[in-house]
Amino acid sequence: MIYFLCLVLLCVGIYGVLRKRNIIRMILGLIIAEHAINLLFVLIGYRLNGRAPILSPDGPILQMVDPLPQALVLTAIVIGLATTALLVALAMRLHGKYGTYDVARIRELKG
Amino acid sequence: MVELYILLILMIIGAVGALEMKDLLSSVVALGAVGLGLSFTFLVLKAPDLAITQLAVEILSVIILIRATLHKDLPEVPARGWSGGTAAGLGFAVVFLGVAFLCIPDLPPFGEPLLKVAGHYLEAGLKETGAANLVTSVILDYRAFDTLGEATVLFTVVMGVLAVMRAVGRKERGKADE
């Protein structure tokens, strides 16, 4: 069930990418979809009543959560920031050239 | 468990708000709320490294997006009317969620990870890498090439943004045809 809510979030993001006319809104939708996928990975690696995967000198810790998805998502979060920065830079260049963020109007103003 | 559901529902509300609000700046702030909720969710899911990183990254991306929405002459973008496209979008959502609902039982059930590979990391991580934090041992030792690729992507993006935003050496708009 919790997976399903996560996929609903992904759906909201994809809807934003597909149906919005404002470029900034499309970028927001992409970021939301990214968040949903990152969350899905970590959810799959979660163990009920688990502990964070950090060892302690006091003794062995049982029931750790899966560290592998966490490491992969750590990479994905940073790459998400990088793609966001590049997309926003391109959107700002488009705004500088055409004076609008509206994709339909940018299509009209071609050339 | 209950707090996870509450946080996820708040995130979905924030996401819908980010896409539907009239003002672009409010949308960006709503996206910041979604990112904050995600950070708290990571904390609940026992991923402190991810929570810290997510918080820092969200702050940065909100700053970048606010920079893009700061233009004073930002014209209102009219929303698309209710049309076949919107209906197709909602139909896509229904089909996607239906298929997802059928597929969810094939995932490992919530709270019981597979630990096929990570079981070895949990047992031998300290002995083989010497890092007490096992996430660190994975990203900097077992999967260090992954992190190298990440650094490459970051460097490439910096160069790309510099090339896109560069003002020097670009022709003026009216003179481009001469």
Side-chain angles (χ1 to χ4, degrees), chain A residues 2-9 11-13 15-16 18-22 24-25 27-29 31-32 35 39 42-48 50-55 64-68 70-71 73-75 77-86 88-93 95 100-102, chain B residues 4 8 11-12 15-16 18-19 24 27 31 34 38 41-42 45-50 53-54 57 60-61 64-65 68-69 75 77 80 85-86 89 93 96-97 100-101 104 107-108 110-111 113 115 117-118 121-122 126 132-135 138-139 143 146-147 150 153-154 157 160-161 164-165:
Chain A
I2 193 108
Y3 293 153
F4 190 70
L5 279 181
C6 194
L7 290 171
V8 170
L9 192 63
C11 240
V12 173
Y15 179 79
L18 290 180
R19 283 304 296 165
K20 288 294 163 188
R21 271 177 70 173
N22 193 323
I24 297 292
R25 293 257 151 104
I27 296 174
L28 294 187
I31 297 173
I32 290 166
H35 283 176
L39 182 58
V42 178
L43 278 175
I44 287 177
Y46 182 63
R47 182 185 280 182
L48 269 186
R51 299 277 306 268
I54 300 173
L55 299 169
M64 275 187 191
V65 299
D66 194 344
L68 190 53
Q70 293 193 12
V73 167
L74 199 62
T75 312
I77 288 174
V78 178
I79 290 179
L81 174 70
T83 51
T84 308
L86 190 57
V88 170
L90 286 171
M92 283 169 70
R93 280 286 296 138
H95 185 267
T100 176
Y101 277 136
D102 188 341
Chain B
L4 269 183
L8 256 170
M11 279 170 70
I12 291 172
V16 173
L19 292 179
L24 216 51
S27 297
L31 181 85
V34 176
L38 185 63
T41 317
F42 283 151
L45 289 174
K46 303 294 189 303
D49 316 88
L50 287 185
T53 315
Q54 174 63 38
V57 160
L60 277 177
S61 64
I64 293 171
L65 282 164
T69 52
V77 175
R80 277 175 179 152
T86 313
F96 179 83
L97 288 177
F101 195 72
I104 281 175
L107 289 175
F110 180 67
L115 290 174
V117 183
Y121 294 164
L122 288 181
L126 182 60
N133 187 341
L134 292 169
V135 176
V138 173
I139 61 170
R143 279 157 202 264
D146 206 9
T147 311
E150 175 196 340
V153 169
L154 279 182
V157 163
V161 170
V164 169
M165 301 297 286

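So you know, we letter chains A, B, ... as the sequences are listed, proteins then strands, and number each from 1.
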Heavy-atom cut-off 4.5 Å, strictly under: side chain, backbone, both or neither for [X] against chain A?
| X | answer |
| --- | --- |
| B:I64 | both |
| B:P48 | side chain |
| B:T41 | side chain |
| B:F110 | both |

Can you measure from [atom1] ([X]) to [atom2] ([Y]) and round to the nearest 0.5 angstrom?
| X | Y | atom1 | atom2 | answer |
| --- | --- | --- | --- | --- |
| A:M64 | B:L115 | CE | CG | 11.0 Å |
| B:L24 | A:N22 | CG | CG | 5.0 Å |
| A:L74 | B:E150 | CG | CD | 7.0 Å |
| A:I27 | B:L65 | CD1 | CG | 6.5 Å |
| A:I31 | B:S61 | CD1 | OG | 5.0 Å |
| A:L28 | B:L31 | CG | CG | 5.5 Å |

Heavy-atom check, side chain of [X] versus side chain of [Y], under 4.5 Å:
| X | Y | result |
| --- | --- | --- |
| B:L154 | A:V78 | yes |
| A:L7 | B:I104 | yes |
| B:F42 | A:V73 | yes |
| A:C11 | B:L97 | yes |
| B:L50 | A:I77 | yes |
| A:R19 | B:L19 | no |

Most chain A-contacting option - heavy-atom pairs closer than 4.5 Å, from [options]:
| options | result |
| --- | --- |
| B:I12, B:T53, B:V138 | B:I12 |
| B:L60, B:L45, B:V57 | B:L45 |
| B:A93, B:A15, B:G89 | B:A15 |
| B:I139, B:V153, B:L38 | B:L38 |

Residue A:A85 versus chain B: region with a heavy atom under 4.5 Å |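 When you check distances to chain B, atoms from both the backbone and side chain of A:A85 fall under 4.5 Å.
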Candidate pair B:R143 and A:L68, rule side chain to side chain contact (heavy atoms under 4.5 Å, CB included), full reasoning = CA-CA 10 Å; B:R143 279 157 202 264; A:L68 190 53; 3.4 Å; yes
Would you name the heavy atoms of [X] and [Y] that are closest together and state the gap between them?
| X | Y | result |
| --- | --- | --- |
| B:N133 | A:P53 | OD1-O, 3.6 Å |
| B:L122 | A:V65 | CD2-O, 4.3 Å |
| A:Q70 | B:V135 | OE1-CG2, 3.5 Å |
| B:A68 | A:V88 | CB-CG1, 3.6 Å |
| A:R25 | B:A18 | NE-O, 3.7 Å |

Report the option among A:L90, A:T83, A:L86 that has the most heavy-atom pairs separated by less than 4.5 Å from atoms of chain B.
->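 It is A:L86.
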Closest-packed option against chain B by number of heavy-atom pairs under 4.5 Å, given A:L48, A:L43, A:I2 =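 Top count of heavy-atom pairs under 4.5 Å with chain B: A:I2.
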Check: B:Q54 side chain, A:H35 main-chain N or O, donor-acceptor pair, under 3.5 Å | no
Under the side-chain contact (heavy atoms from CB on, under 4.5 Å) test, residues paired with A:A89 that sit two or more places apart | B:V161, B:V164, B:M165
For B:L107, side-chain contact (heavy atoms from CB on, under 4.5 Å) partners two or more places apart =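 B:L107 satisfies side-chain contact (heavy atoms from CB on, under 4.5 Å) with A:Y3, A:I44 once adjacent residues are dropped.
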Are A:L39 and B:L8 close enough, and set up right, to give a side chain to side chain contact (heavy atoms under 4.5 Å, CB included), and what steps lead you there?
-> CA-CA 10 Å; A:L39 182 58; B:L8 256 170; 3.7 Å; yes
